[in-house]
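See below for the structure under consideration.
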Amino acid sequence: MYQWRKFEFFEEKFGGKSSIPAEITGAIQCCSSGRGRIAVGCDDGTVSLIDRGFKLVYGFQAHSSVLFLQQLKQRNYLVTVGEDDQISPQLSSICLKVFDLDKMEPEGSSMTSPVCLQILRVFTNQFPESKITSFLVLEEAPPILLISIGLENGSIYCIKGDIARERITRFTLQVEAASDKSLSSINGLGFRVEGRALQLFAVSPTSVSLFNLHDQPPRRQTLDQIGCDSNAVTMSDRLDLILGRPEAVYFYEVDGRGPCWAFEGEKKFIEVSHMLSKWGYIIFIMNDKRILCIGEKDMESKLDMLFKKTLYTVAINLVQSQQADAAASAEVLRKYGDHLYGKQDYDEAMSQYIHTIGHLEPSYVIQKFLDAQRIYNLTNYLEKLHEGGLASKDHTTLLLNCYTKLKDVEKLNKFIKGDDSVGDHKFDVETAIRVCRTAGYHEHAMYVAKKAERHEWYLKILLEDLGRYQEALEYISSLEPNQAGVTVKEYGKILVEHRPVETINILMRLCTESGESIKRRTSNGVHMTMLPSPVDFINIFVHSPLSLMDFLEKYTGMVKDSPAQVEIHNTLLELYLSSTLTFPLILQENNSDDHDLRVRSTKYLTNGSALESKEKSTVDNRDVKKDRDRLERFQKGLALLKSAWTSEMEHPLYDVGLAVILCEMNAFKDGILFLYEKLKLYKEVIACYMQAHDHEGLIACCKKLGDSTQGGDPSLWGDLLKYFGELGEDCSKEVREVLTYIEKDDILPPIIVLQTLAKNPYLTLSVVKDYIARKLEEESKLIEDDRKSIDKYQEETALMKKEIQDLRTNARIFQLSKCTACTFTLDLPAVHFMCMHSFHLRCLGDNEKECPECAPEIRSVVKTKRNLEQNAKDHELFFQQVKSSKDGFSVIAEYFGKGILSKTAIKPPEVLQSGNS
């Protein structure tokens, strides 16, 4: 049982000056509200409608006397029960009428009145008349109405259906009979509609009954053997029945009596005739027709009053019962918490603040408990923040600091290692890792990092804080390939420094097909490989070039068709040809030497000279090994240059420009010579030998590169001869060998050879004597052959001129007796040509004016002549022949000999005249 307290939550409105309009003269019997109006029924049978300002809208005559009325909500209908004039003794004067307030009677009517849709007699032969004590209408699905009429004899008459069309059914309900019939009257009715369930509460002075109207026939259930008097029954918004009895106010649900409010005294109207609720007010209609409007104070005013009385619990119950928003409830709880905090009841204050989570700024609470040094309460609050998923990074930091300050490992374990702590993101993962790491709780930090898949944090702790390199490598090996690649890029430098071999093995699994974990099977069963490039990991070897060289060598030995071959080969060339590469092997030897020195420190301290000798020997050994290692790397570099640019390849698998620069910077002669030769820079090749004064190698190189039959450049011998001519030392042996190849391929004229060698004062005539003798003999033979050719051509020319003259001056006698074409006896008509060939006319073609026998030869000569004239205009061809020929002068002489260059065009006279003018 609840206890009542008196609070002034209501106040009178309108100054108590309102009243029923004076136009309403009858005594008020009943009233109802709805549709923005109040309907008032009087004993004179009139029904009046009053607006919000308590002004009369209109009134009309409904009955002789109105007993009950109810305004409907869904439709603007008014249902009334009243006494009418009795037409016959057999018919009851009590009638039920339904008015449509949206429709008015025609203007010709005697008074303004809404249309009456239906009139029903309440009592019939089947339903005997009795005094009506209660009345209630339920709107079901329009146009169905359910009307319940409670009678003095304990019966309830029910009318259901479309009242306007009189499509209705009637049935009777009966409450439990009382021994005293006067105590059976139905003093109150209440409908309860929940889902499809339709129930009717009925209250008599001696019982509370519940009827289930969906049952046929309706089933009655007695909820209580005690009832109440009239005007003490109503329904709550929660569909509970409320009864007022002298000792308390009771609440009834479908299963019986519920809670009650203890409120002693008889519950009845005093000087109040009617009460109803409308427009947010409780409206009392007094016996003298005054209207008293009671309005509820606003929530803020009610709460202020409770706060002044420090009734915070009541305030909390009030806002909850009024279904106030969460922010308003949180504000009440905050004030209650502040009140308790001021009384130093920190535990209870915190319990109130916890209820404000989600609405009150956490910093407000946190600041209070930081000042009070209430770390346990603060920890509790922060835990609740995280449970609600409302914690920020700073809150996580603060909570973890609380745990570490309290040394509460159990709570820390629960917070960090809880089943759903990380998965549900109840705290900021990165913040938790950072705080635990800073506080020295590395295992907790690693647990969070691993569960949240923050691999970078997990490895950072392993490597930077704990130095557990092998465990870090094992962890990386367990990751997905993409994740493993990312982590190796991040922490590869420290791993290569401490575990180079194992790190390289991981990289090999990532970058090659040998790593089974790399392969992924798609939906159609095809293997898809996503392999990273070794180039992506080069930067992790920045302090370990030897390990990088080892990694790239292993990779190139396993993968022959990598897309990054050029970049890999470029990097390897830099490593092979670098002179600053450091070696872990040397460092290990240094460490062992230092160990020996420490073990035998006493001995060497007593023998300084022996120590100096030992150190000098160690340095010498280091230099020897360093030179040997560099030579081995140069050999690897040369092998790479050759294998990555074979004779079958058009382009090399490395950057040629970079390779040339590296070879020149590091004085790698073999590499430079190979690259120049591949680039066909033969003159640069022999220049290298010239700079080194390697005469034997120089001549051997020219033998290889100067052979025109193998695509070489014979002009190299001329450059070689020029080199020896300017050498300034005795090189007779080499010159003789060079002259042999110059003479063999007739590369230079003898005069040029003599002029070139004359510049070297250490060379004598004996060096070139045999060469000059052979060339003079050869030239003499050529001159003799030329003279013979000249004589022959002159004789042929003289004969041709004589024949031409003969043709021009003398007649020709044709004595052939046979046709040249058919070889038959020549008869007329015949055709004779000046070339002394004769033909039958029939053996010649139509319009044939040339000798068929001589025409092909003549046309060939004409064509050749035409081509020569055409070539005379092709200057590019002329200069190309001069340049490509061993003897350019012979080409020019040939052009003159054929009359190509000596022929000039003769201009017409008119052109000459115009030119002179």
Side-chain angles (χ1 to χ4, degrees), residues 26-32 39-48 59-72 77-100 105 113-139 143-175 177-178 181-189 191 200 202-205 211 213 217-218 230-231 274:
I28 298 175
Q29 299 290 328
C30 55
C31 62
S32 176
V40 176
C42 299
D43 60 353
D44 59 1
T46 61
V47 174
S48 302
F60 63 93
Q61 191 72 37
H63 301 273
S64 298
S65 177
V66 181
L67 301 177
F68 297 93
L69 61 78
Q70 182 174 337
Q71 245 182 305
L72 304 186
Y77 285 4
L78 180 67
V79 181
T80 64
V81 174
E83 185 176 355
D84 287 349
D85 295 336
Q86 192 166 11
I87 300 175
S88 77
Q90 289 79 18
L91 297 176
S92 172
S93 62
I94 305 301
C95 295
L96 182 146
K97 296 183 180 181
V98 179
F99 296 92
D100 187 348
E105 292 289 350
S113 175
V115 173
C116 182
L117 299 178
Q118 188 59 263
I119 301 175
L120 295 177
R121 296 289 176 180
V122 175
F123 301 108
T124 63
N125 293 334
Q126 291 81 12
F127 298 92
E129 184 173 354
S130 179
K131 182 180 178 181
I132 299 176
T133 55
S134 58
F135 172 75
L136 188 62
V137 180
L138 173 67
E139 295 178 89
I144 305 302
L145 298 178
L146 177 56
I147 301 173
S148 297
I149 302 172
L151 305 179
E152 189 178 36
N153 60 10
S155 298
I156 303 171
Y157 286 174
C158 295
I159 304 172
K160 182 176 182 179
D162 186 352
I163 307 296
R165 298 182 181 181
E166 203 171 354
R167 296 176 181 176
I168 61 175
T169 59
R170 296 174 181 248
F171 57 91
T172 303
L173 303 175
Q174 184 67 47
V175 299
K181 294 296 183 180
S182 63
L183 300 178
S184 298
S185 64
I186 305 301
N187 294 333
L189 296 171
F191 283 111
L200 175 65
V203 181
S204 69
F211 294 92
L213 301 183
S230 60
N231 294 329
H274 297 86

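One-based numbering along the sequence shown.
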On a heavy-atom basis, which atom in [X] and which in [Y] lie closest, and how many Å separate them?
| X | Y | value |
| --- | --- | --- |
| Gln174 | Ser155 | OE1-OG, 2.6 Å |
| Ile28 | His274 | O-CE1, 3.2 Å |
| Cys95 | Ile119 | CB-CG2, 4.1 Å |
| Glu105 | Cys116 | OE2-N, 4.0 Å |
| Cys42 | Gly26 | SG-O, 3.8 Å |
| Pro114 | Phe99 | O-CD2, 3.9 Å |

Ignoring hydrogens and angles, write down the donor-acceptor pairs under 3.5 Å from the side chains of residues 157-165, residues two or more places apart or on other chains.
| from | atom 1 | to | atom 2 | distance (Å) |
| --- | --- | --- | --- | --- |
| Tyr157 | OH | Pro128 | O | 2.6 |
| Asp162 | OD1 | Ala164 | N | 3.4 |

### Message
Is a donor from one side chain sitting under 3.5 angstrom from an acceptor on the other, for Ser64 and Asp85?
### Response
yes
Checking [X] side chain against [Y] main chain: does a donor-acceptor pair fall under 3.5 Å?
| X | Y | value |
| --- | --- | --- |
| Ser32 | Gln71 | yes |
| Gln61 | Asp44 | yes |
| Thr133 | Gly150 | yes |
| Glu152 | Lys131 | no |
| His63 | Thr46 | no |
| Gln29 | Ser65 | no |
| Ser185 | Asn187 | no |

Could you check whether atom CZ of Arg121 has more than 12 heavy atoms from other residues, nucleotides or ligands sitting under 6.0 Å from it? yes
In the structure I gave you, are the side-chain heavy atoms of [X] and [Y] within less than 4.5 Å of one another anywhere?
| X | Y | value |
| --- | --- | --- |
| Ile156 | Thr172 | no |
| Val137 | Phe135 | yes |
| Val81 | Leu69 | no |
| Phe68 | Thr80 | no |

What is the distance from atom [atom1] of [X] to atom [atom2] of [Y], rounded to the nearest 0.5 Å?
| X | Y | atom1 | atom2 | answer |
| --- | --- | --- | --- | --- |
| Glu139 | Ile144 | CD | CD1 | 12.0 Å |
| Phe60 | Leu78 | CZ | CG | 5.5 Å |
| Leu91 | Asp84 | CG | CG | 12.0 Å |
| Leu145 | Leu72 | CG | CG | 6.0 Å |
| Thr169 | Leu146 | OG1 | CG | 8.5 Å |
| Ser184 | Leu151 | OG | CG | 11.5 Å |

By salt bridge (charged side-chain N to carboxylate O under 4.0 Å, His left out), Asp43 pairs with (sequence neighbours left out) none
Between Leu189 and Val203, does a side chain to side chain contact (heavy atoms under 4.5 Å, CB included) hold up when you go through it step by step?
CA-CA 6 Å; Leu189 296 171; Val203 181; over 6 Å; no
Review point. Taking it one step at a time, do Gln118 and Glu166 satisfy side chain to side chain contact (heavy atoms under 4.5 Å, CB included)?
Key: CA-CA 7 Å; Gln118 188 59 263; Glu166 203 171 354; 3.6 Å; yes
Practice task
Test Lys97 against Val79 for side chain to side chain contact (heavy atoms under 4.5 Å, CB included), laying out the working first.
Solution key: CA-CA 6 Å; Lys97 296 183 180 181; Val79 181; over 6 Å; no
Exactly one of Ser134, Ser130, Ser148 clears side chain to side chain contact (heavy atoms under 4.5 Å, CB included) with Ile186, and that residue is Ser134
Given Leu120 and Ile168, is the side chain to side chain contact (heavy atoms under 4.5 Å, CB included) satisfied, shown in steps?
-> CA-CA 10 Å; Leu120 295 177; Ile168 61 175; 3.8 Å; yes
